[in-house]
Each structure stands twice: as C-alpha cells, then as structure tokens.
Amino acid sequence: MNLPACLDDWLRHLENLRPGGQAGIELGLARMQQMGDALGQTQRIPVITVGGTNGKGSTCAYLETMLCFSGHRVGCYTSPHLFTYNERIRINREPVSDAMLCAAMARVETVRQALGGVALTYFEFGTLAAWEIFTTAGVEVAVLEVGLGGRLDAVNYYDADLSIVTSVDLDHTDWLGETREDIGYEKAGIFRAGRPALCADPVPPQRLLEHAQTLGADLRLIGRDFGYCRDAENRQQWHWWCRSGEETRRRTLAYPVLRGGVQLQNATVALAALDTLAERLPVPMQAIRRGLLETELPARFQVLPGRPAVILDVAHNPQAVRKMVDNLAEMGFFERTYAVVGMLADKDAAAALIALKGKVDAWFVATLDGARGQSAERLAGTIRQLALGGEVNCFDSPAQAMRAAQGRAGESDRILAFGSFHTVAGALQTLKNGR
C-alpha cells in the first residue's frame, strides 16, 4: 500500500477521496460509525462538544485554556484553520506535529482501504484522525467543535458528556434549513439524554427547546440557569453566576482578553460548563482568571497594534457581521474605514453585508480560490446592488486587496479584513511579510 509521504500530500489525498474530488460537505454519521468501529475507537475520557452559529471557536478556546491551566491534559479539535492544518488539532494548546498527523492519517487510511475505500469527506477523515491522535497522546479531556450544524456532523459521532450551543442564526441554510427554528433543531442534535446541555443564545429557538425536552437532556439556559452581569462600580470587572443546586457566584472577574461584547457570553457558557463538570474536571479560580486573560484566538475582532488600525475578523454570516459592526462602533473615531473582504459562494453575502451600509468608505474586494470560492466581481456586484456606499475595487486575491488598502490608508484610518478565514489569512500573511 502506497501512502502519502508528507502532510501536504496527505491533505491533497483527503481532497480527492470522493468521486470527482468532491470531498466537501455531505452530512451523515453512517461513514463515521463504520470507520470508528473498524478503528476500535472508544471513549474513556470526558467529551465536551461545542456547536452554534457563532462563538464556537472562542468557547472552545476558553475551555481548552482553563482546563490546561488546571493541570489537565487537553485535546482540542476545531475548524477551519488560518495557515496550517495542524492548528485544528491541539494538545495542551499546542498544534500537533506533522509526524503525529501523518501517523494518525495512515492508520485511518489503512482501515479505510481495508473496508473497500469508504468515501469519507475531508472533514470526516480529519475528525477520525484527531481522535486517533488524542488516544495516542493520552489526553484526559477532549473539546470538540462542530463543523456544520450538529445532528449529522462528524463530531457528533462521539458521545458528548456535555454539549454547548453558543448561538443560533442563519448560516449554511442549504444544509440546515432556511429558518432559525430549523437550524436550532439541527444544533440541538448534539444534546444527549440525561446529560448537561447548555445554550448561550439569549433567545433560543423553540425547536431547540422542544428537542432537548424530547431527548430528556438536562437543558441549562443563559439568563435562567447561568449568566453574567457587569460591575456597575468598576467597568473593568464583571460577575458570573450559576444556579446548580445552590447558586454559585464568581465575582470581580477581569474582562476577557478576546475583544467584543459577545465574549462575555462565550466566557459565561464556558464557565457554566466547567462548573457542571467540576467533580470530574476540577478547575480552580486561578485557572479561570488566567484563562480569561491569556486565551488566544486570532481573527475574532483582533485589533493589531499600530497605525492605521487593522482589524481582523472571520465574520461571514449576518449575526457575526452585526456583532462586528457593534464592536466597530465602540472603537472611537477614525477618518475612513477601508474594508478588505472576500466571501465563499455558498454564503448569503447580501444578508451579511447589509449591516455595513454607510459604514465603509472604500471596498477592496478579493476573489477566493477553490471550489467554494466567489469572484471579486460577483461580490462587488452584491455591494453595488445593495447600495452600501463607498467606492468598490476588485482584486485577484486577499493579499492584493490588503496591499492596496494599506497603500490608501492613513494613520487616522482603519482597515477591516473580514468575510472568510481565507480572506483573513491572506491579509494577515501580507502584514507579516511587511507588504
């Protein structure tokens, strides 16, 4: 059996596992069940599964960091990545090595071929490999981020001890349904009977509530069972509370280092999860305080130092862009705002971008490569059709768009790079290369 020799070769192999190289989205758990059984994958550690439209990555990062600072050996699986595939699979906050990835992928591929060539998707193969790595590395707890939806996502093959839905809004409507209620039902598919199920959406869809009740999940809601409040006297602090048997409070917490008002919501549900699992995975207060101050996650309203101000945000759906706009409004005065944007073709660009109407002085629109990429011309047409305001310029790549924006921006301006992980990665790489 000839296997790929290096990680780049493996990733190309993953992209061509299915007929015609279509290794993209195909929901369902049958292939995961077949492969997991054949690989002999079993669960002997607590599993925390995190789903939701937005906020998944931040919540996973808080959990990962606080558990790690508590002395637990933590495996964390997230997606997508900015620069290297290794970012998706971390042990104690560090991306795994190429050697570990290649060895795990070889095990998965050997079994796949023995079963006659199961037509796995890219994400399914990577998910199976992540579990192989966690097993070999002897992690004590796994934090798994849902890729798409929940009920039929590959991550949902693993039996969560605790499930989190961070938020519910419109995204991936071709696969999850066209209404918030339909999407809420799909997200609730990660809940388990008799086990804690946390929802951080302040207004959860009725179908999510009903599905949790039908399953018999131990549903806990933000604002009812746990929550937060800002310190009226000290704007640098906030308080967290949770009603689990008797009310628990953690006072005078520092604001998360991750920027944006929504981060209090993400940190709050992470703390509620840790409180729920405290007997199995104790987390001292010191680890919580460190976690709030030291959690790292690039491109979640990340403001880079220097002038002009540069903001990186992977916002790509209506809810995320609205939150981004709210954060922009709290930044203070800037003469001009230049937007570097590129979006995938399967995103509802019009619904996402409308929140920026009248808020951008010039658009630097980038073509994204790949099967799901969207041309700059098509996205520029959407911007013009919506009459969002500002001049519109088209470029062949995010790197070109970022360089052009840098050439125009003065010290009193700001550059906003957003719309896709691909867009932000290209912009950030340009900045690292010094234009």
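Please read all numbers here as calculations on a predicted model, not as lab measurements.
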Verify side-chain contact (heavy atoms from CB on, under 4.5 Å) between Met402 and Ile415, making sure each step is shown before the conclusion. CA-CA 9 Å; Met402 186 66 191; Ile415 301 172; 3.9 Å; yes
More than 12 heavy atoms of other residues, nucleotides or ligands under 6.0 Å from CD of Gln43: is that the case?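 It does: Gln43 CD has more than 12 such atoms within range.
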For the student: nearest non-hydrogen atoms of [X] and [Y], plus distance:
X	Y	value
Pro204	Leu209	CG-CD2, 3.9 Å
Thr268	Trp240	O-NE1, 3.1 Å
Arg289	Thr252	NH1-O, 2.8 Å
Phe191	Ala217	CB-CB, 4.1 Å
Gly36	Leu128	N-CD2, 4.2 Å
Lys56	Thr53	NZ-O, 3.7 Å

[atom2] on [Y] to [atom1] on [X], rounded to 0.5 Å:
X	Y	atom1	atom2	result
Trp241	Phe226	CH2	CZ	8.5 Å
Cys242	Arg250	SG	CZ	9.0 Å
Lys187	Ser167	NZ	OG	7.5 Å
Leu7	Leu14	CG	CG	9.5 Å
Thr42	Asp37	OG1	CG	11.0 Å
Leu29	Asp153	CG	CG	8.0 Å

Pairs touching residues 191-213 that satisfy salt bridge (charged side-chain N to carboxylate O under 4.0 Å, His left out), sequence neighbours left out: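 Sorted result for residues 191-213: Asp159-Arg192, Asp159-Arg195, Arg180-Asp201, Asp182-Arg207.
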Please name all residues satisfying side-chain hydrogen bond (donor to acceptor under 3.5 Å, both in side chains) with Asn327, sequence neighbours left out, ordered by chain then number. none
Note, [X] side chain near [Y] side chain (heavy atom, < 4.5 Å):
X	Y	result
Val74	Val143	yes
Pro46	Glu140	no
Glu15	Tyr122	yes
Leu271	Met66	yes
Leu431	Gln406	yes
Leu368	Gln374	no
Glu294	Val257	no
Phe134	Ile89	yes

Does [X] use its side chain to pair, donor to acceptor, with the backbone of [Y] at less than 3.5 Å?
X	Y	result
Arg243	Arg224	yes
Glu124	Thr121	yes
Glu87	Thr84	yes
Arg336	Gly410	no
His72	Glu64	no
Thr430	Arg403	no
Asn156	Gly189	yes
Gln302	Ala299	yes
Asn433	Gln429	yes
Asp313	Phe418	no

So, [X] versus [Y]: side-chain donor-acceptor pair below 3.5 Å or not?
X	Y	result
Gln41	Tyr158	yes
Asn54	Asp169	no
Ser58	Gln263	yes
Arg107	Thr136	yes

Test applied, side chain to side chain contact (heavy atoms under 4.5 Å, CB included); reference residue, Ser70; option that passes from Val283, Val141, Ile288, Thr65: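 It is Val283, the one option of Val283, Val141, Ile288, Thr65 that forms the side chain to side chain contact (heavy atoms under 4.5 Å, CB included) with Ser70.
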Solution key, residues 96-105 side-chain donor-acceptor pairs under 3.5 Å, sequence neighbours excluded:
{"from": "Ser97", "atom 1": "OG", "to": "Met100", "atom 2": "N", "distance (Å)": "3.1"}
{"from": "Asp98", "atom 1": "OD1", "to": "Asn86", "atom 2": "ND2", "distance (Å)": "2.8"}

Contacts of Tyr77 that satisfy ring pair (Phe, Tyr, Trp, His ring centres under 6.0 Å) - sequence neighbours left out: Phe123
Using the six-membered ring wherever Trp is involved, compare the ring planes of Phe421 and His316 and label them parallel, tilted or perpendicular (cut-offs 30° and 60°). tilted
Name the orientation class of the two ring planes belonging to His211 and Tyr185 (parallel below 30°, tilted from 30 to 60°, perpendicular beyond 60°).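 His211 and Tyr185: perpendicular rings.
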Before you tell me yes or no, could you show the steps for Arg300 and Val424 under side-chain contact (heavy atoms from CB on, under 4.5 Å), namely the whole-Å CA-CA distance, both residues' side-chain angles and the distance that decides it to 0.1 Å? CA-CA 10 Å; Arg300 272 63 169 189; Val424 173; over 6 Å; no
As a quick check of understanding, evaluate side-chain contact (heavy atoms from CB on, under 4.5 Å) for Val47 and Trp131, giving each step before the final call. CA-CA 11 Å; Val47 171; Trp131 191 266; 3.8 Å; yes
Between side-chain atoms of residues 348-361 and protein atoms elsewhere (two or more places apart, or another chain), which donor-acceptor pairs fall under 3.5 Å?
{"from": "Asp348", "atom 1": "OD1", "to": "Ala351", "atom 2": "N", "distance (Å)": "3.2"}
{"from": "Asp361", "atom 1": "OD2", "to": "Thr337", "atom 2": "N", "distance (Å)": "2.7"}

Taking it one step at a time, do Val269 and Val50 satisfy side-chain contact (heavy atoms from CB on, under 4.5 Å)? CA-CA 10 Å; Val269 74; Val50 182; over 6 Å; no
Of all residues at least two apart in sequence or in a different chain, which pass the side-chain contact (heavy atoms from CB on, under 4.5 Å) check with Ala267? Tyr62, Trp238, Pro256, Leu292
